[in-house]
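Data block below; observations after.
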Amino acid sequence: MRQHWWRGTAAIFAGMILLAACTSTGSPSGSPDGSTAEQPSASQAAATVPQELTDALAGEYSGTTVTAFGPFVDEDQAKFETMVKVFEDATGIDVKYEGTKQFEQDISVRVDADNAPDVADFPQPGLLASFAKTGKAVDLSSFLSADYLEAQYVQSWLDMATMPGPSGNVTAGVWERVNAKSFIWYPKKAFDAAGYEVPTTWQELTDLTAQIQADGDAPWCVGIESGVATGWAATDLINDIMLGSQPPEAYDEWVAGTLAFSSPEVKAAWQTMADMWLEPGQVFGGTQGIVSTAFGDAPAPMFTDPPKCWLHRQGNFITSFFPQTAVAGVDYDFFPLPAVDDSRAGYMQVAGDIWGMFHDRPEVRALLAWYTSAKHLEPWMATGGALSPHKDVDTSKYGQPVEQKIGDLLKSATAIRFTSGDQMPGPVRTAFWKEITSFINGDETIDEALANIDQAQ
């Protein structure tokens with residue numbers, strides 16, 4: 001147990017939480033397509049700030065302990081523990097975190113053995129949903145009111161945290177740290193020198209790839225090899241195409257299994273991917289290179305002089321695989337992958353961390369309430385590797401220019417959806433990876449691959 005905590009820090013943080021709830025601005029809440037909903041008044045928002053957080057910051061729970069379990073290890077664990085120390089020092093609550101590289105397996109064993117931690121960080125919402133459905137995960141609406149959550153998050157995040165419970169929908173978790181995936185990276189210095197222009201529509205992207213190919217190069221740098229998870233990088237592109245061509249509701253139905261993989265909507269997304277990557281000359285190394293190249297090695301040919309390929313679709317984490325000497329904004333930059341249908345512009349595919357609760361005590365409630373404001377995440381934002389999903393995020397607090405730019409795009413996104421595979425049942429996710437790899441490799445047709453995935457439902 002820490003023997004000291006700072007009343008000054010507590011007062012400051014309490015003020016930040018109240019101010020965020022009262023004056024939250026940013027992306028409009030409302031429907032997934034971005035339509036604006038009426039915001040709660042300042043008095044309503046302030047009235048619904050969780051009492052447990054206010055009490056914790058006043059020292060009411062000093063001397064208690066909260067156990068936390070998650071996938072953060074090594075550097076991420078150090079960053080998490082640095083961040084959570086602010087909460088410990090402000091409240092006197094000791095947060096005992098345990099990390100594991102086998103989170104999905106370990107949390108299931110612990111919950112089944114009635115040895116669940118107080119809170120757990122889920123990088124796969126589908127797993128949390130399985131605990132919510134059986135009632136093992138606590139419904140957070142018991143202390144986080146709807147008007148308070150609407151002041152903290154845009155509607156898309158609330159939709160993704162709402163999951164079926166034993167007798168109706170529940171608020172299964174709160175979002176803390178996320179990453180975004182719907183981007184194309186390019187070698188900026190060479191790109192500008194070649195006279196290429198950043199596309200803002202799908203047609204402009206198609207024209208750009210034709211121009212690069214006419215200049216004698218392969219437009220795309222692609223690799224989907226990832227051991228037993230080979231194929232996931234290709235499934236992420238399908239997610240983007242679905243979000244950029246269909247209403248968010250269709251994406252949700254697909255993830256839930258009520259819209260079949262063999263449906264016209266999903267088949268069209270696969271065909272778009274094939275037109276993008278599988279036509280001769282489109283990808284450096286050809287289709288065989290796509291399957292055999294590790295996803296982290298795929299962008300390397302962008303950084304040769306001259307580049308061997310010019311465009312790489314991947315999430316913000318890919319910069320950790322770039323050459324250490326590469327400078328953001330000079331040697332490389334990025335732009336959002338345009339929507340296939342212009343009316344779907346502004347979507348964003350994300351992954352990230354949603355915290356669920358297994359033991360309902362005041363100090364545990366306080367910790368989860370603390371996660372609902374971007375203020376708590378600022379130490380991690382400053383060091384890199386964390387994007388905030390919160391309305392009150394100050395994007396100037398990001399320590400890396402790339403993450404600040406992505407943070408602005410995330411804050412203005414009109415429809416946000418989680419990566420499909422992290423929500424689908426394990427057998428479906430695995431079949432998705434396997435079958436898309438077989439299709440890219442030329443071993444199966446689209447119809448055969450889609451039918452095989454549907455059989456795993």
Side-chain angles (χ1 to χ4, degrees), residues 179-224 233-234 236-237 240-241 244 272-273 275-287 289-290 293-340 342 345-349 384 387 398 400-410 412-413:
N179 59 67
K181 293 190 169 190
S182 306
F183 306 119
I184 296 178
W185 303 84
Y186 64 97
K188 179 175 175 53
K189 188 184 300 183
F191 191 91
D192 292 345
Y196 299 143
E197 295 184 3
V198 170
T200 59
T201 67
W202 192 262
Q203 184 59 55
E204 289 177 358
L205 176 62
T206 301
D207 293 342
L208 173 61
T209 59
Q211 184 180 358
I212 293 172
Q213 198 167 6
D215 289 341
D217 290 329
W220 293 99
C221 311
V222 184
I224 66 170
D236 276 4
L237 176 58
D240 276 336
I241 294 172
T272 299
M273 181 270 291
D275 295 340
M276 185 174 177
W277 280 357
L278 304 188
E279 291 298 318
Q282 285 287 84
V283 173
F284 177 72
T287 55
I290 294 176
T293 301
F295 75 91
D297 295 337
M302 284 199 312
F303 295 98
T304 61
D305 185 15
K308 296 177 181 177
C309 48
W310 296 78
L311 305 171
H312 180 66
R313 186 240 148 260
Q314 192 49 273
N316 59 283
F317 68 87
I318 197 63
T319 58
S320 63
F321 293 91
F322 289 177
Q324 292 185 353
T325 56
V327 178
V330 178
D331 300 305
Y332 68 89
D333 207 341
F334 73 95
F335 56 88
L337 178 66
V340 178
D342 291 344
Y347 76 91
M348 188 75 71
Q349 178 190 174
L387 297 175
Y398 287 109
Q400 298 180 6
V402 166
E403 291 189 345
Q404 182 174 346
K405 184 178 176 181
I406 293 174
D408 287 332
L409 290 169
L410 183 61
S412 63

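We count residues from 1, following the sequence as given.
Taking each heavy atom of P219 and I212 in turn, the nearest pair found is CA-CG2, 3.7 Å. Residues P199 and P338 approach most closely at O-CG, 4.2 Å, considering heavy atoms.
Here the two rings, on Y196 and Y186, have centers that are 6.0 Å apart or farther.
Taking the side chain as every heavy atom from C-beta outward, T293 and V222 never approach each other to under 4.5 Å. With contacts defined as side-chain heavy-atom distances shorter than 4.5 Å, the pair F284/D217 does not qualify.
For D192, the salt bridge (charged side-chain N to carboxylate O under 4.0 Å, His left out) partners at least two apart in sequence or on another chain are K188. Applying the salt bridge (charged side-chain N to carboxylate O under 4.0 Å, His left out) test to D331 and every residue at least two apart in sequence or in another chain returns K189. Partners of F317 under the ring pair (Phe, Tyr, Trp, His ring centres under 6.0 Å) rule, at least two apart in sequence or in another chain, do not exist in this structure. Residues that satisfy the ring pair (Phe, Tyr, Trp, His ring centres under 6.0 Å) test with F334, not counting sequence neighbours, are F183, W185.
Summarising the geometry, atom CH2 belonging to W220 is positioned 12.5 Å from atom CG belonging to L278; distances are rounded to the nearest 0.5 Å. Rounding to the nearest 0.5 Å gives a distance of 9.5 Å between CD of Q349 and CG of L337. Between C221 atom SG and I290 atom CD1 the span is 11.0 Å, to the nearest 0.5 Å. Rounding to the nearest 0.5 Å places CE of M348 at 13.0 Å from NZ of K181. With values rounded to the nearest 0.5 angstrom, D240 atom CG is found 4.5 Å from R313 atom CZ. Atom CG of N179 and atom CD1 of I318 lie 11.5 Å apart (nearest 0.5 Å).
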Worked check of side-chain contact (heavy atoms from CB on, under 4.5 Å) between L237 and M276: CA-CA 10 Å; L237 176 58; M276 185 174 177; 3.9 Å; yes
Apply the test side-chain hydrogen bond (donor to acceptor under 3.5 Å, both in side chains) to residues Q211 and D207: give CA-CA distance (whole Å), side-chain angles for both, the deciding distance (0.1 Å), then the verdict. CA-CA 6 Å; Q211 184 180 358; D207 293 342; over 6 Å; no
Take T209 and L311 through the side-chain contact (heavy atoms from CB on, under 4.5 Å) test and state the conclusion after the steps. CA-CA 9 Å; T209 59; L311 305 171; 3.9 Å; yes
Should F335 and L409 be marked as a side-chain contact (heavy atoms from CB on, under 4.5 Å) after you check the CA-CA gap, both sets of side-chain angles, and the distance that decides it? CA-CA 10 Å; F335 56 88; L409 290 169; over 6 Å; no
Give the intermediate values and the outcome of side-chain contact (heavy atoms from CB on, under 4.5 Å) for residues T200 and L205. CA-CA 7 Å; T200 59; L205 176 62; over 6 Å; no
Distance-only check: which donor-acceptor pairs under 3.5 Å involve side-chain atoms of residues 294-304, not counting sequence neighbours?
unit_1, atom_1, unit_2, atom_2, d
T304, OG1, P301, O, 3.0
T304, OG1, P306, O, 2.7
T304, OG1, K308, N, 3.4

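Aromatic ring pairs are classed by plane angle as parallel below 30°, tilted from 30° to 60° and perpendicular above 60°; the pair F322 and Y332 is perpendicular.
Looking only at distances, no side-chain donor or acceptor of Q314 sits under 3.5 Å from a matching main-chain atom of S182. Not a single donor-acceptor pair under 3.5 Å links the side chain of E403 to the backbone N or O of Y398.
For residues 320-330, no pair satisfies side-chain hydrogen bond (donor to acceptor under 3.5 Å, both in side chains), with sequence neighbours left out.
In this structure, E197 places its CD atom where only 12 or fewer heavy-atom neighbours from other residues, nucleotides or ligands lie under 6.0 Å away.
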